[in-house]
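Below is one structure; the comments refer to it alone.
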Amino acid sequence: LMSPDWKLEYVKIITSDGRSYTFNCNQKFNKEFGGSHEFALTDSNKSNRINSIRNNLLKTKKNNSKINNKVISKKNNLNINGNTKKNKLNINGNNTKKNNLNKVSYTVEVETANDKKSGTDANIKLLIHGSKNNKEFKLSKSKTNRNKFEKGKKDIFEFEDVNDLGTINKITVSSDG
């Protein structure tokens with residue numbers, strides 16, 4: 001029989017563009033402690049944030065140096081070599097909507113504590129708070145374990161083709177158990 005308690009050790013989020021965020025949680029979830037907890041980045045995570053910002057700046061600088069076309073922008077109109085497209089950018093035949101966010105994949109690693117009765121069969125949701133947007137993910141299908149959130153186990157969840165949430169500042173983990 002599973003305990004109604006679940007003890008979460010940590011949540012690690014890795015993006016397909018190389019950003020990584022680790023949230024050390026060490027938190028019990030049950031009726032006594034509450035079914036939803038918010039975790040912010042700690043000082044130990046600041047190096048992850050600095051490295052991801054540095055990597056993104058290098059990628060942006062490299063990508064910008066590849067564009068040799070002259071671009072003039074006025075109120076959602078882009079003029080490239082005399083061709084004006086409203087709300088669209090056309091470089092080398094690729095049309096992109098102006099407000100389209102970059103798509104990235106998120107890998108979420110969740111470790112359940114190794115304490116007695118730490119596992120759960122409850123439904124777990126993860127709300128990621130980013131600098132661009134927030135998004136809630138249901139952690140329903142682990143890539144590593146058939147029976148997820150068991151004592152001492154690490155579960156990995158993948159979410160592909162998601163609008164980039166930006167720099168992740170905090171997460172909210174919710175349990176219905």
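Worth knowing before you read on, the calculation uses all heavy atoms, side chains too, and leaves out hydrogens, waters and symmetry mates.
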- Verdict with reasoning, Ser105 to Thr15, per side chain to side chain contact (heavy atoms under 4.5 Å, CB included): CA-CA 6 Å; Ser105 296; Thr15 64; over 6 Å; no
- Task: Apply the test side-chain hydrogen bond (donor to acceptor under 3.5 Å, both in side chains) to residues Lys103 and Asn163: give CA-CA distance (whole Å), side-chain angles for both, the deciding distance (0.1 Å), then the verdict.
- Result: CA-CA 5 Å; Lys103 299 283 187 175; Asn163 286 339; 3.0 Å; yes
- From CA spacing to verdict: side chain to side chain contact (heavy atoms under 4.5 Å, CB included), Glu109, Ile156: CA-CA 5 Å; Glu109 183 179 295; Ile156 296 177; 4.3 Å; yes
- What do the steps show when you test Lys7 against Asn26 for side-chain hydrogen bond (donor to acceptor under 3.5 Å, both in side chains), and what is the final call? CA-CA 7 Å; Lys7 188 170 181 189; Asn26 193 26; 3.3 Å; yes
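Once rounded to the nearest 0.5 Å, the distance linking NZ of Lys12 with OG1 of Thr22 reads 5.0 Å. The CG atom of Leu127 sits 4.5 Å away from atom OG1 of Thr172, with the distance rounded to the nearest 0.5 Å. Rounding to the nearest 0.5 Å places OG1 of Thr112 at 7.0 Å from CG of Leu8. If you take CG on Asn147 and OG1 on Thr120, they are separated by 10.0 Å, rounding to the nearest 0.5 Å. One distance of note links CG of Asn134 with CG of Asn169; it measures 9.0 Å at 0.5 Å rounding. Note that the CD1 atom of Ile124 and the OG atom of Ser140 stand 11.5 Å from one another [nearest 0.5 Å].
Screening residues 108-144 for ring-ring contact (aromatic ring centres under 6.0 Å, His included) gives Phe137-Phe159 as the qualifying pairs, with residues at least two apart or on separate chains. The list of ring-ring contact (aromatic ring centres under 6.0 Å, His included) pairs with a residue in residues 107-127, not counting sequence neighbours, is empty.
Across all non-hydrogen atoms, the minimal contact from Gly35 to Phe29 is O-CD2, 3.9 Å. For the pair Phe23 and Lys170, the tightest heavy-atom approach, listed with the atom from each and the gap, is CE2-CA, 3.7 Å. Closest non-hydrogen pair, Ile13 versus Val108, comes out as CG1-CG2, 4.4 Å. Contact between Thr167 and Tyr21 at its shortest, heavy atoms only, is CA-OH, 3.6 Å.
With sequence neighbours left out, the salt bridge (charged side-chain N to carboxylate O under 4.0 Å, His left out) criterion links Glu158 to no other residue. Contacts of Asp176 classified as salt bridge (charged side-chain N to carboxylate O under 4.0 Å, His left out), with partners at least two apart in sequence or in another chain: none. With sequence neighbours left out, the side chain to side chain donor-acceptor pair (under 3.5 Å) criterion links Thr107 to no other residue. Remark: Glu9 pairs with no residue by the side chain to side chain donor-acceptor pair (under 3.5 Å) rule, at least two apart or across chains. For Ser142, the side chain to side chain contact (heavy atoms under 4.5 Å, CB included) criterion is met by Thr144, Asn145, Lys148, Asp155, Phe157, not counting sequence neighbours. Annotation: salt bridge (charged side-chain N to carboxylate O under 4.0 Å, His left out) contacts of Lys125 (sequence neighbours excluded): none. Residues passing the side chain to side chain donor-acceptor pair (under 3.5 Å) test with Lys154: none are found, sequence neighbours excluded. Checked against side chain to side chain donor-acceptor pair (under 3.5 Å), Asn114 has no partners two or more places apart in sequence or in another chain.
A donor-acceptor contact shorter than 3.5 Å is absent between the side chain of Ser36 and the backbone of Ser174. At distances below 3.5 Å, at least one donor-acceptor pair connects side-chain atoms of Arg19 with backbone N or O atoms of Gly166.
Following chains of ILVMFWY side-chain contacts shorter than 4.5 Å, one cannot reach Leu165 starting from Ile14, and the two form parts of different hydrophobic clusters. Residue Ile168 is grouped with residue Val162 when hydrophobic side chains (ILVMFWY) are merged at heavy-atom distances under 4.5 angstrom, including chains of intermediate members.
Ion pairing between a basic and an acidic side chain is recognised when a charged N comes within 4.0 Å of a carboxylate O; Asp115 and Lys28 show no such pairing.
With hydrogens and angles left out, the side-chain atoms of Tyr106 and Glu160 include no donor and acceptor closer than 3.5 Å. Judged by distance alone, the side chains of Trp6 and Ser118 never bring a donor and an acceptor atom under 3.5 Å apart.
The closest side-chain heavy-atom distance from Glu136 to Leu126 is not below 4.5 Å.
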